[in-house]
Amino acid sequence: MHVLILGGTTEARALAGLLHGRVRVTSSLAGRVASPRLPAGEVRIGGFGGPEGLAAWLREHAVDAVIDATHPFAERISFNAAGAAATAHVPLLALRRPGWGPVEGDDWRSVRSLEEAARALDGLGDRVFLTTGRMGLAAFADCPQWFLVRSVDAPDAPMPARTELLLDRGPFTLDGERELLARHRIDVVVTKDSGGAATSPKLTAAREAGLPVVVVRRPPVPEGVRTAATPEEAAAWVLR
């Protein structure tokens with residue numbers, strides 16, 4: 001049996017580890033991170049050329065099942081995977097970690113896009129902790145606020161004129177996030193609803209500090225695609 005994991009996430013690596021040695025596993029990484037953490041099994045890096053290219057790859061490599069374990073905001077590859085799997089008649093499962101939700105004491109502003117997040121900053125403060133990754137900074141390029149931008153790799157222009165870059169990779173600790181917010185005198189946090197524990201301490205630190213958090217909602221999983229919440233659930237689906 002040959003399983004293709006569209007990955008790059010912590011969950012994708014965990015799933016590859018669970019399946020390696022039991023079935024043939026190929027993990028596909030987009031190649032946007034300079035030094036990715038490689039999973040167990042075979043690895044390919046780069047795109048497929050849209051849904052048609054992916055469907056052709058599935059046929060050529062005799063893939064029996066596809067797991068879309070990409071980032072919850074990797075909307076294009078998720079829809080490409082749905083189209084390719086349907087064309088190639090290969091079962092598809094989306095592995096999506098549960099999203100975050102506000103708790104008592106949180107001051108969250110829910111928005112639909114990065115552009116809407118940029119507009120929501122008006123009146124919330126001058127110093128912004130932007131944790132949406134290196135892609136999409138153009139949405140904030142015309143904002144007058146000062147931004148602390150944290151990402152794994154350095155982002156490309158355009159970006160806000162008043163920007164300090166912090167190159168770092170999670171998981172992050174609560175003490176570390178508390179210290180970061182205080183040291184940089186942060187007024188507001190902007191994040192995507194990525195879910196998971198690796199980057200959630202910033203939400204707790206923001207709540208403790210009484211800071212507003214602008215949260216970009218997730219795009220939906222393609223209609224009709226079955227989902228699993230954990231690598232263990234996805235592995236059980238494959239092995240069934």
Side-chain angles (χ1 to χ4, degrees), residues 1-99 133-136 151-153 169-171 192-199 218-240:
M1 183 178 189
H2 186 192
V3 177
L4 174 66
I5 301 175
L6 304 174
T9 60
T10 300
E11 290 78 15
R13 290 190 297 274
L15 176 59
L18 290 171
L19 294 177
H20 182 56
R22 307 175 77 176
V23 299
R24 179 186 174 193
V25 179
T26 300
S27 295
S28 178
L29 310 182
R32 292 177 177 172
V33 177
S35 300
R37 296 171 177 169
L38 298 181
E42 303 172 37
V43 177
R44 70 173 302 279
I45 296 178
F48 292 94
E52 297 84 5
L54 177 53
W57 197 94
L58 296 178
R59 294 191 188 101
E60 179 184 352
H61 293 84
V63 172
D64 299 292
V66 179
I67 309 293
D68 172 15
T70 57
H71 191 277
F73 283 83
E75 187 173 9
R76 178 178 296 178
I77 185 59
S78 292
F79 278 85
N80 286 352
T87 298
H89 304 289
V90 175
L92 169 66
L93 179 76
L95 173 55
R96 291 289 184 271
R97 69 186 78 145
R134 69 186 184 93
M135 310 295 289
S151 65
V152 176
D153 293 318
R169 188 198 302 261
K192 293 177 178 178
D193 179 17
S194 301
T199 60
R218 293 180 176 191
V221 172
E223 187 175 356
V225 174
R226 184 172 180 172
T227 62
T230 66
E232 291 76 14
E233 288 181 27
W237 177 83
V238 168
L239 296 175
R240 280 198 302 269

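Numbers for residues simply follow the sequence, beginning at 1.
Considering every non-hydrogen atom in both Arg218 and Ser194, the closest pair reads NH2-O, 3.1 Å. For the residue pair Leu92 and Ala85, the shortest heavy atom distance occurs at CB-CB, 3.8 Å. Nearest approach of Ala30 to Ile45, heavy atoms of both residues: C-CG2, 4.5 Å. Considering all non-hydrogen atoms of both residues, Ser28 and Gly46 come closest at OG-O, 4.0 Å. Across every non-hydrogen atom of Ala81 and Leu54, the tightest pair is CA-CD2, 3.8 Å. Nearest heavy-atom pair, Gly196 versus Arg97, reported as atom, atom and distance to 0.1 Å: N-CD, 3.5 Å.
With values rounded to the nearest 0.5 angstrom, Leu58 atom CG is found 9.5 Å from Thr87 atom OG1.
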Donor-acceptor pairs are to be reported for all side-chain atoms of residues 220-240 against protein atoms at under 3.5 Å, with residues two or more places apart or in another chain.
{"from": "Thr230", "atom 1": "OG1", "to": "Glu233", "atom 2": "N", "distance (Å)": "3.1"}
{"from": "Glu233", "atom 1": "OE1", "to": "Ala229", "atom 2": "N", "distance (Å)": "3.1"}

Without placing hydrogens or testing angles, list every side-chain donor-acceptor pair under 3.5 Å for residues 3-10, not counting sequence neighbours.
{"from": "Thr9", "atom 1": "OG1", "to": "Ala12", "atom 2": "N", "distance (Å)": "3.1"}
{"from": "Thr9", "atom 1": "OG1", "to": "Ala69", "atom 2": "O", "distance (Å)": "2.7"}
{"from": "Thr10", "atom 1": "OG1", "to": "Arg13", "atom 2": "NH2", "distance (Å)": "3.3"}

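A distance-only check finds a donor-acceptor pair linking the side chain of His71 to the backbone of Phe73 [under 3.5 Å].
Contact check for Pro72 versus Asp193: no side-chain heavy atoms found under the 4.5 Å cut-off.
Aromatic ring orientation, His2 versus Trp57: tilted (interplanar angle from 30° to 60°).
Residue pairs satisfying the salt bridge (Lys or Arg N to Asp or Glu O under 4.0 Å) criterion with at least one member in residues 52-72, sequence neighbours excluded, are listed as follows: Asp68-Arg96.
By the neighbour-count criterion of 12 heavy atoms within 6.0 Å, atom CZ of Arg44 is densely surrounded, having more than that number from other residues, nucleotides or ligands.
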